[in-house]
Amino acid sequence: MRSAIESISLEPDARSSPFRSRVARRISKASRWWIAGGVALWGSAVLGGMGVLWAYSEAPGASADAPSRLPGGIDALRANADDKLSLIMLVHPQCPCSRASIAELSRVMGKVGDRVHARVFFLRPEGEAEGWEVSDLWKSAEAIPGVVVTSDPNGEKAAAFGAKTSGQVVLYDAEGELLFEGGITSARGHEGDNDGESRIVSLAREKAHASGEGAVHRSPVFGCGLFEEPRAER
Amino acid sequence: MSEPTQTVADRAAVIHDKLLDRIHRRASHVFAVLMVVQWICGIVVSLVLSPRAWEGKVQSTHIHVYAAIFLGAAISSLPIALAVTRPAWVVTRHVVAVAQILWSALLIHLTGGRIETHFHVFGSLAFLAFLYRDWRILIGPTLGVAADHFIRGVFWPESVYGTPNASLLRFAEHAFWVVFEDAVLIVACIDSSRELRDGARRRAELEALAASVGHELRNPLASIRSATNYLTKKLGAGKDLDPKVAGMLAVIDREVERGGRIIADLMRYARARPPVAEPCPLRQLVDEAVASVPHDGIAIENHVPEDIPLLSVDRPQFRDVIVHLLRNGVEATSRQQPAHATNGTGNGNGTGNAPATNGAKGRVVVTAHGGGRSPWILKVIDDGIGIPAQSLPNIFDPLFTTKTTGTGLGLAIVDHVVRAHRGRVAVESFEGKGTTITVELPAIEAGPS
């Protein structure tokens, strides 16, 4: 039996193969090209996919053709004549993008809720049962202080305001003249600062009146179609 | 110490590279799992928040659902493939980093630009830095975020800043927060790298010290042994040697041998190298180990089946494991001797061994089963004095011993080698009755990590 002393080896352990670290490993030139090509292909595919997604996100729906004066029927719903503006939003109750529009409406009301009468109409398409329009969006809108939520059977109110896309907002001055039409989100389903909201807030704070020169503020509206028709292109 | 500094530096570099390699592999595996989790979360988010698109009464699957499934799969595919097949490559962690930021962008999109989802960006940068410890991989995601903001700031400014007329200051403001976090993470990564290098150097110096000690002591011990052998032969040749003198010479020989074992253990523990696997017949390996262990009158029995499948292990290291286990078993059984008289009266041991036979003072048995598609199980069973219950949690700790002699490194070496083979060691012991040590190695791919 070999003594422990004799078994002490001071020679480099022949079995200690050099540690094959990433430094010691050599990747062939051909492999590097394959790797680079694979990464480039992958990068192109994912960036292309992100591009398609962004393009969809930034594609607005058809703009409204709102009447320049507030239709009389709506005006009758105001309790008293006052100097507040009238804000109307038309919403498809199932549109996921309009969740952001409702959230932005909440912000608007938080800033200038005391200066506007706000009403949200939820579309109930022809043939659908009563209550079809009462969705999560309805409940979210209803929860905003100062907002009145109403059903829009057969889309009559949407048609009256020329709205084609869910999330459409129209703003009239105290005399019923059109000040603003458009959306209050920056992209489909995206919350956050946007031009439409900024316009509405500034108009409300100024207690603006229509200039009479036809200068109506407009912004793109992002959402599902209210009616079964092709979406207008940008 | 006679080791040249360059050797210590080289060894430190090898240790450092090995540690970094292990860190990178583990990080890649974590991110591979995270890529799958994020993909599933993306699909769930799209199905909950935006499952359908509408045109009046007509509904269709929302593009977000397709994006979550297919674009999400595309984003995760390459990182997962690289993390599983090439976890330690540089390109792997860079691809993982870029993919992580792409997931931030996709999740922000799927959740409708929620502010809360933007935390994913900052969380991802932190995960990448702390898991990989490589600050360079932050460059890709940071440039990606900057490019995304810049390009969209030019073509779709409202999507980034909420206004079509954003100034350059807004871009700078967004960039500032990312750069701020990057700066903190880079400092942390550099500090961590320095600690790893310092640790590797200390380890390399320890190994050099152990080798130097071994070198310095080897020759003196060999000289003492030679002198002892000479004296034994000279004094004992043709004469009756005084038993006391013979006893003292035996003590010298035994203690020198023990000193040599201590030095060998120290060097083996200090310079543990990565295992190099080869197919080994286990029964033969046990026979070799049995042959190199002093029996001290204890019967060591090899009950490993002849037909057990070949074990893929580092042969010398695993032989050492068996040697250590046998040695411990023999020593424990020797200390239990009064309960193991040759008349075969046993002590009612709790480890299943029959009383010793054939005049042996006790038994140590080696058994094994499994292999192939089942885990390997190797057992070394003795009916020695056992290990006190309060000592059991510490017996694999380096320098821990319940004996009055010994370094306390034997079981630490056993544990280290077995874990390097992706296995584990378990101990069952009853004081006064014996000990069973079980070594388990994983099935079929059983081998070193």
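In the text below, chain A, chain B and the rest are named by the order of the sequence lines, each starting its count at 1.
Residue contact with chain B, scored on non-hydrogen atoms closer than 4.5 Å, involves the side chain of A/E128 exclusively. Only the backbone of A/L226 comes within less than 4.5 Å of a heavy atom of chain B; no side-chain atom from C-beta onward does. For B/I115, no part lies near chain A; criterion is any non-hydrogen pair under 4.5 Å. Neither the backbone nor the side chain of B/P220 comes within less than 4.5 Å of any heavy atom in chain A. Proximity to chain A (any heavy atom under 4.5 Å) is shown, for B/V95, by both the backbone and the side chain.
Distance CD/A/E58 to CZ/B/R152: 7.5 Å, rounded to 0.5 Å. Atom CD in B/E55 sits 8.5 Å away from atom NE2 in A/H92 (nearest 0.5 Å). Summarising the geometry, atom CD belonging to A/Q94 is positioned 13.5 Å from atom NZ belonging to B/K57; distances are rounded to the nearest 0.5 Å.
Here the closest heavy-atom approach between residue B/L49 and residue A/P96 is recorded as O-CB, 3.4 Å. What you find for A/M50 and B/A105 is that their closest heavy atoms are CE-CB, 3.4 Å. A/L53 and B/H64 make their closest contact through CD1-CD2, 4.2 Å (heavy atoms, listed as atom of the first residue, atom of the second, distance).
Atom CH2 of A/W54 has more than 12 heavy atoms from other residues, nucleotides or ligands within 6.0 Å. Atom CG of A/N154 has more than 12 neighbouring heavy atoms from other residues, nucleotides or ligands inside a 6.0 Å radius. Around atom CD of A/E126, no more than 12 heavy atoms belonging to other residues, nucleotides or ligands sit under 6.0 Å away.
Taking the ring centroids of A/Y56 and B/H62, they lie under the 6.0 Å cut-off.
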Before you tell me yes or no, could you show the steps for B/V98 and A/W42 under side-chain contact (heavy atoms from CB on, under 4.5 Å), namely the whole-Å CA-CA distance, both residues' side-chain angles and the distance that decides it to 0.1 Å? CA-CA 11 Å; B/V98 170; A/W42 169 77; 4.3 Å; yes

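Between B/W54 and A/W132, the angle of the ring planes goes over 60°, which puts this pair in the perpendicular group of the 30/60° scheme.
Looking at heavy atoms from C-beta onward, B/L78 lies out of side-chain contact with A/L41 at the 4.5 angstrom threshold.
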